[in-house]
A.B. asks: 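Mind looking over this structure? Questions follow.
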2 protein chains.
Amino acid sequence: MNSNSNLACDTCPVRESAACASLNDEERIKLSKIGRHKILKKGETLTAAGDENTVCATLVSGALKITSNDRDGTERILSLVHPAGFVGELFSPAVHHDVVALTESKLCVFSRPQYEEIIEGHPALALALLRRSADDLFDARSMMDLAGKRSADARVAGLIQAFARAASHSPCHSADTFDLPLTRGEMAGMLGLTIETISRKLGLLESDGLIKRQGARGIRISDHARLAELSD
Amino acid sequence: MNSNSNLACDTCPVRESAACASLNDEERIKLSKIGRHKILKKGETLTAAGDENTVCATLVSGALKITSNDRDGTERILSLVHPAGFVGELFSPAVHHDVVALTESKLCVFSRPQYEEIIEGHPALALALLRRSADDLFDARSMMDLAGKRSADARVAGLIQAFARAASHSPCHSADTFDLPLTRGEMAGMLGLTIETISRKLGLLESDGLIKRQGARGIRISDHARLAELSD
DNA sequence: CCACTGCCTTGATCTGGATCAATTCACGTC
DNA sequence: GACGTGAATTGATCCAGATCAAGGCAGTGG
């Protein structure tokens with residue numbers, strides 16, 4: 001862990017897009033006083049289910065997953081967090097889900113009670129978080145939709161499309177070459193399938209000519225139309 | 001549809017718990033001027049996916065479901081809305097999901113742009129919506145968790161527990177006698193199972209002595225402990 | 001260079017839940 | 001009380017995906 005009271009917001013890569021972008025300079029300085037940077041290495045956890053709920057954070061770079069674990073050890077991925085995303089369960093006394101780094105990640109961490117205090121005094125921040133929360137809710141529902149499709153083919157095809165959309169950060173049209181951000185196991189966890197099924201379905205998608213694979217992670221979509229049809 | 005410009009907030013059953021409870025009298029009067037009551041009969045829809053996104057609403061009484069539909073007609077329930085709940089996708093130009101009444105429901109409907117304007121001028125409302133949105137997000141994730149369990153038994157057991165918790169409106173401990181608020185088909189839609197499987201699993205739960213059924217909808221939980229164990 | 005360790009792939013088999021197909025039940029209406 | 005209709009149950013069969021079991025293929029460190 002790397003801690004630092006100089007948040008240096010001026011050089012922050014998400015200063016335009018994170019919730020704190022809604023604050024003016026003076027307000028942001030106030031916020032930066034209660035925040036600190038933290039680096040999580042791949043696989044490290046920020047907060048675990050059951051912890052006392054004391055922190056919240058903005059993701060500066062990297063990627064996080066929000067997960068729950070069955071007692072038998074199976075991990076279920078509930079959400080992915082991208083840079084500028086906000087994590088933390090405001091208003092709740094305990095943490096319900098694990099938050100784990102998918103890759104080395106840089107966070108801007110705040111004490112939750114202090115952050116809540118600032119929210120209450122700064123309407124623009126509340127509004128920005130509301131917007132972000134509405135997006136998160138929409139994402140969660142999209143994911144429920146995806147994971148609820150009957151066939152494994154439709155789920156895998158839909159997930160690939162979702163990643164393609166996320167990869168090209170223009171929200172309208174999707175990238176056609178990108179790297180899968182997750183392992184087979186993590187994809188399985190998102191879709192409620194097994195590692196083997198993911199692997200097989202990817203193989204099928206390739207042999208049917210919908211995608212082309214480059215190593216284990218690289219994907220090129222060759223037939224957007226058929227992929228979309230499959231996923232629907 | 002029943003429209004009325006006198007919202008009569010003073011007698012509203014959710015005046016203490018809905019988002020608008022955060023406003024003072026003067027502010028609430030302003031809000032009431034842009035709202036109107038609407039009654040939806042069982043099965044009627046407030047907004048359908050693809051509509052222009054022009055309204056949002058607070059549920060006063062009854063119950064709603066938020067759903068998406070596969071082209072093949074299968075309905076997937078993404079969320080249930082209870083009285084005092086807020087529906088509407090703020091900040092989004094188009095509606096993504098259907099909102100349908102599960103039972104006859106009374107709503108307080110607002111023009112979305114006008115409502116957004118009020119939010120921006122009234123921090124307390126933004127804060128109340130943020131709180132509600134955080135709850136919705138948590139609920140959505142709980143549901144993903146439930147629908148992602150591997151076995152049908154675990155899902156059905158979990159759903160019964162969730163209903164039992166919702167039925168006793170004290171959040172700590174759950175009712176042990178209550179009526180299922182959904183048809184078998186709707187439960188199937190929530191859990192990604194079929195009507196037949198739901199029916200069979202309920203039958204098994206009864207013959208195993210975990211629950212007792214009274215007609216098609218009535219449930220009495222006889223063995224909370226084993227039910228909890230099954231669902232986990 | 002080899003051994004080790006995570007991931008990923010591929011194959012063979014098994015099974016839980018889907019699907020297809022009747023009944024049966026509950027309830028509102030005449 | 002008979003009738004009609006949508007919901008629920010129950011049974012028989014089938015199949016997609018889980019599970020079990022080997023390998024294969026990087027990347028890492030000795």
Side-chain angles (χ1 to χ4, degrees), chain A residues 41-43 70 72-77 100 102-104 146-160 179-208 211-219 230-231, chain B residues 41-43 65 70 72-77 100 102-104 146-160 179-208 211-219 230:
Chain A
K41 291 215 192 54
K42 180 174 178 166
D70 283 4
D72 70 9
T74 335
E75 169 188 275
R76 176 137 199 91
I77 295 189
V100 181
L102 281 169
T103 62
E104 173 156 318
L146 187 61
K149 305 240 177 251
R150 69 217 83 285
S151 79
D153 309 72
R155 295 187 214 183
V156 174
L159 188 61
I160 289 177
D179 277 359
L180 293 169
L182 302 181
T183 66
R184 300 290 185 265
E186 286 162 339
M187 289 190 264
M190 287 188 75
L191 298 178
L193 298 171
T194 59
I195 294 180
E196 295 94 325
T197 301
I198 301 284
S199 179
R200 283 188 245 270
K201 293 305 178 186
L202 286 176
L204 284 185
L205 286 177
E206 182 164 37
S207 63
D208 287 355
I211 63 170
K212 193 99 179 11
R213 283 185 294 174
Q214 198 75 260
R217 294 296 188 94
I219 294 284
L230 230 193
S231 73
Chain B
K41 292 217 190 49
K42 180 173 177 164
K65 58 182 174 184
D70 283 4
D72 69 10
T74 336
E75 169 188 276
R76 177 137 199 92
I77 295 189
V100 180
L102 281 168
T103 63
E104 174 156 317
L146 186 61
K149 306 245 176 247
R150 68 214 79 285
S151 80
D153 308 73
R155 295 188 215 184
V156 174
L159 188 61
I160 289 177
D179 277 359
L180 295 170
L182 301 180
T183 66
R184 302 289 185 268
E186 287 162 339
M187 289 189 265
M190 286 188 75
L191 299 178
L193 298 171
T194 59
I195 294 180
E196 295 95 322
T197 301
I198 302 284
S199 180
R200 284 187 244 271
K201 292 306 179 186
L202 286 175
L204 284 185
L205 286 177
E206 182 164 37
S207 64
D208 287 355
I211 63 171
K212 192 98 173 21
R213 283 184 295 174
Q214 197 74 260
R217 295 296 189 93
I219 294 284
L230 232 194

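Bear in mind the structure is a predicted one, so any value in this text is a computation, not a measurement. Chain naming here is simple, since letters A, B, ... match the order of the sequence lines and numbering starts at 1 in each.
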A.B. asks: Using atom names, set out every protein N or O paired with an N or O of nucleotides 11-14 of chain D below 3.5 Å, distance rounded to 0.1 Å.
C.D. replies:
| unit_1 | atom_1 | unit_2 | atom_2 | d |
| --- | --- | --- | --- | --- |
| D/dG11 | N7 | B/Arg200 | NH1 | 2.9 |
| D/dG11 | O6 | B/Arg200 | NH2 | 3.3 |
| D/dA12 | N6 | B/Arg200 | NH2 | 3.3 |

A.B. asks: Please tell me if B/Thr194 has a side-chain N or O lying less than 4.0 Å from either OP1 or OP2 of C/dA18.
C.D. replies: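 The answer is yes; a side-chain N or O of B/Thr194 sits under 4.0 Å from OP1 or OP2.
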A.B. asks: Find the distance A/Leu202:CG to C/dT9:P and express it as a whole number of Å.
C.D. replies: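 The answer, rounded to whole Å, is 7 Å.
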A.B. asks: Side-chain atoms of residues 190-200 of chain B: list all donor-acceptor pairs with protein atoms under 3.5 Å, sequence neighbours left out, distances to 0.1 Å.
C.D. replies:
| unit_1 | atom_1 | unit_2 | atom_2 | d |
| --- | --- | --- | --- | --- |
| B/Thr194 | OG1 | B/Thr197 | N | 3.3 |
| B/Thr194 | OG1 | B/Thr197 | OG1 | 3.0 |

A.B. asks: Could you pull out all residues at least two apart from B/Ala147 that satisfy side-chain contact (heavy atoms from CB on, under 4.5 Å)?
C.D. replies: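 B/Ala147 satisfies side-chain contact (heavy atoms from CB on, under 4.5 Å) with B/Arg76 once adjacent residues are dropped.
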A.B. asks: Report the residues that fulfil salt bridge (Lys or Arg N to Asp or Glu O under 4.0 Å) with A/Glu206, sequence neighbours left out, ordered by chain and then residue number.
C.D. replies: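 So A/Glu206 forms a salt bridge (Lys or Arg N to Asp or Glu O under 4.0 Å) with A/Arg213.
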A.B. asks: Please state how far atom CG in B/Leu204 lies from atom P in C/dG17, giving the value in whole angstrom units.
C.D. replies: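 The distance from CG of B/Leu204 to P of C/dG17 comes to 10 Å, rounded to the nearest Å.
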A.B. asks: Please tell me if the side chains of B/Lys42 and B/Leu102 come closer than 4.5 Å, counting only heavy atoms from C-beta onward.
C.D. replies: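 B/Lys42 does not reach B/Leu102 side chain to side chain.
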A.B. asks: Could you check whether any side-chain heavy atom of B/Met187 comes within less than 4.5 Å of a side-chain heavy atom of B/Val156, counting everything from C-beta outward?
C.D. replies: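 The answer is no, as the side chains (C-beta and beyond) never meet within the 4.5 Å cut-off.
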A.B. asks: Considering residues at least two apart in sequence or located in another chain, which fulfil the salt bridge (Lys or Arg N to Asp or Glu O under 4.0 Å) criterion with A/Arg217?
C.D. replies: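 A/Arg217 satisfies salt bridge (Lys or Arg N to Asp or Glu O under 4.0 Å) with no other residue.
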A.B. asks: Looking at C/dG16, I'd like to know if its phosphate oxygens (OP1 or OP2) sit under 4.0 Å from a side-chain N or O belonging to B/Lys201.
C.D. replies: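 It does not, given that no N or O in the side chain of B/Lys201 lies less than 4.0 Å from OP1 or OP2 of C/dG16.
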A.B. asks: Output all residues satisfying salt bridge (Lys or Arg N to Asp or Glu O under 4.0 Å) with B/Lys65, sequence neighbours left out; order by chain, then residue number.
C.D. replies: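 With sequence neighbours excluded, B/Lys65 shows a salt bridge (Lys or Arg N to Asp or Glu O under 4.0 Å) to B/Glu75, B/Glu186, given in chain and number order.
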A.B. asks: Take atom NZ of A/Lys149 and atom C1' of D/dA16, then tell me their distance rounded to the nearest Å.
C.D. replies: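 A/Lys149 atom NZ is separated from D/dA16 atom C1' by 18 Å.
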A.B. asks: For A/Leu180 and A/Leu159, what are the C-alpha separation, side-chain angles and deciding distance, and is it a side-chain contact (heavy atoms from CB on, under 4.5 Å)?
C.D. replies: CA-CA 10 Å; A/Leu180 293 169; A/Leu159 188 61; over 6 Å; no
A.B. asks: Enter the inter-axis angle for the ends of the helix from C/dC1-D/dG30 to C/dC30-D/dG1 (five pairs per end, rounded to 10°).
C.D. replies: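 Nearest ten degrees gives 40° for this helix.
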A.B. asks: Nearest 0.5 Å please: distance from the CG atom of A/Leu205 over to the CD1 atom of A/Ile160.
C.D. replies: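 Between A/Leu205 CG and A/Ile160 CD1, I get 5.0 Å after rounding to 0.5 Å.
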A.B. asks: Please name the pair of heavy atoms, one in A/Ala216 and one in A/Arg184, separated by the smallest distance, quoted to 0.1 Å.
C.D. replies: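 Minimum heavy-atom contact is O-NH2, 2.7 Å.
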A.B. asks: List every contact pair, protein side and nucleotides 3-8 of chain C side both N or O, where the distance is under 3.5 Å.
C.D. replies:
| unit_1 | atom_1 | unit_2 | atom_2 | d |
| --- | --- | --- | --- | --- |
| C/dC8 | OP2 | A/Arg184 | N | 2.8 |

A.B. asks: List in chain and number order the residues that pass side-chain hydrogen bond (donor to acceptor under 3.5 Å, both in side chains) with B/Thr103, two or more places apart in sequence or in another chain; answer none if no residue qualifies.
C.D. replies: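 For B/Thr103, no residue satisfies side-chain hydrogen bond (donor to acceptor under 3.5 Å, both in side chains) once neighbours in sequence are set aside.
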A.B. asks: Mind calculating the distance between CG (A/Asp153) and C1' (D/dA16) to the nearest angstrom?
C.D. replies: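 About 9 Å, once rounded to whole Å.
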A.B. asks: Going 5' to 3' through nucleotides 22-28 of chain D, assign each nucleotide B (protein heavy atom under 4.0 Å from a base atom), S (under 4.0 Å only from sugar-phosphate atoms) or - (no protein heavy atom that close).
C.D. replies: -------
A.B. asks: Could you list the residues that satisfy salt bridge (Lys or Arg N to Asp or Glu O under 4.0 Å) with B/Asp179, not counting sequence neighbours?
C.D. replies: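 In terms of salt bridge (Lys or Arg N to Asp or Glu O under 4.0 Å), with neighbours along the sequence ignored, B/Asp179 is linked to no residue.
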A.B. asks: Which atoms form the tightest heavy-atom contact between B/Leu230 and B/Asp153, and what is the distance?
C.D. replies: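 Shortest heavy-atom separation between B/Leu230 and B/Asp153 comes out as CD2-CB, 3.8 Å.
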A.B. asks: It should be established whether A/Thr197 places a side-chain nitrogen or oxygen under 4.0 Å from OP1 or OP2 of nucleotide D/dA18.
C.D. replies: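 For A/Thr197, the contact criterion (side-chain N or O under 4.0 Å from OP1 or OP2 of D/dA18) is met.
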A.B. asks: Atom CD1 of B/Ile198 and atom P of C/dG17: how far apart are they, to the nearest Å?
C.D. replies: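 After rounding, the gap between these two atoms is 11 Å.
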A.B. asks: Does A/Leu193 reach a base, just sugar-phosphate, or nothing at all? Heavy atoms under 4.0 Å.
C.D. replies: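 The residue A/Leu193 makes sugar-phosphate contact but no base contact.
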A.B. asks: In Å and rounded to the nearest 0.5 Å, what is the CZ to OG distance from A/Arg155 to A/Ser231?
C.D. replies: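 Answer for the CZ-OG pair, A/Arg155 versus A/Ser231, is 13.0 Å.
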